[in-house]
Amino acid sequence: MRNSIKISPSILSADFSKLGSEVISLEKAGADYIHIDVMDGHFVPNLTIGPEVIKKLRPLTKKIFDVHLMISPVDNFIKDFADAGADIITFHPEATKDTSKTIQLIRKENKKVGISLKPHSEISLIEKYLSEIDLVLIMSVEPGFGGQKFMPEVLEKTKNLKDIIEKENLNVDIEIDGGINFQNCSLAKKAGANILVSGSTIFKENKGDLKKNIEILRKN
Ligand code: DX5
Ligand code: ZN
């Protein structure tokens, strides 16, 4: 069923000295997707991993690679991330001169298309593309770092987006990303998110019991 609740742990909070075994542990712990935060130190003030690392992680799991590109310019890297094994490629509209072109570039690689909205970016920035994409990633923190505090003001935007998707009978998932924890996960779902990204809560709570933490986020 398209809109069942899915948990997408962010490996930004994983132990980078053993990313391979961390991804395998996430699969064993019941993760639905693996959220991979790609940062270029230009679009956001942080630098993480690129296509070569994703290529090495790909054979370790069949789980969906939910790749969040916080890079600009983004177009010239779409094919590299697709070839590396991304399944969903999500970009920020502020990172491209032509959103439609970037959508087409991802489609051409037969990958699912996501567009991300920063906390203060309005739905109007992406509304006209909703019929062409698979997922909207609502940022509930300013992109760039894990472990930040959830910004509850994005819940209203999430509700409004859900209303538009339902009214226009579109098949678009809503993923929420940033500061998701055991206390606010139910608010995110009530607002309309059906995919929850979490890094620090999943890797740090309950002494890092991945399975328990994923289950609590899914059930609450
Ligand atoms: C931030 C990333 C998020 C972040 C989530 O720019 O896009 O995916 O890693 O981590 P937590 O859950 O710790 O906020
Ligand atoms: Zn992310």
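The shown structure was predicted, so the numbers you read here are calculated from the model rather than taken from an experiment. All ligand and atom numbering here is 1-based and tracks the order in the structure.
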Are side-chain N/O atoms of N181 and N184 paired as donor and acceptor at under 3.5 Å? yes
Please report the closest heavy-atom contact between S8 and H35, naming both atoms and the distance. OG-CB, 3.2 Å
Is NZ or CZ of K112 both nearer than 6.0 Å to the six-membered ring centre of F65 and within 45° of the ring axis? no
Atom pairs, nitrogen or oxygen, ligand 1 to protein, under 3.5 angstrom:
unit_1, atom_1, unit_2, atom_2, d
ligand 1, 6 (O), G144, N, 2.7
ligand 1, 7 (O), D37, OD1, 3.0
ligand 1, 7 (O), H68, ND1, 3.1
ligand 1, 7 (O), D177, OD2, 3.1
ligand 1, 8 (O), H35, NE2, 3.3
ligand 1, 8 (O), D37, OD1, 3.2
ligand 1, 8 (O), D37, OD2, 2.8
ligand 1, 8 (O), D177, OD1, 2.6
ligand 1, 8 (O), D177, OD2, 3.0
ligand 1, 9 (O), S10, OG, 3.1
ligand 1, 9 (O), D37, OD2, 2.9
ligand 1, 12 (O), G199, N, 2.7
ligand 1, 13 (O), G147, N, 2.8
ligand 1, 13 (O), S200, N, 2.9
ligand 1, 13 (O), S200, OG, 2.4
ligand 1, 14 (O), G179, N, 2.8

Do you know which of I106, T102, L105 makes side chain to side chain contact (heavy atoms under 4.5 Å, CB included) with I89? I106
Any donor-acceptor N or O pair under 3.5 Å, side chains S10, D37: yes
Can a side-chain donor-acceptor contact be found between S121 and E94 if the only test is distance below 3.5 angstrom? yes
Can you tell me if S72 and H42 form a side-chain donor-acceptor pair at under 3.5 Å? yes
Can you list, by chain and residue number, the protein N, O or S atoms under 2.8 Å from the Zn ion (ligand 2)? H35 NE2, D37 OD1, H68 ND1, D177 OD2
Could you verify whether a donor N or O on one side chain and an acceptor N or O on the other, from T90 and H68, lie under 3.5 Å apart? no
Derivation and outcome, side-chain hydrogen bond (donor to acceptor under 3.5 Å, both in side chains), residues S186 and N220: CA-CA 6 Å; S186 56; N220 277 5; over 6 Å; no
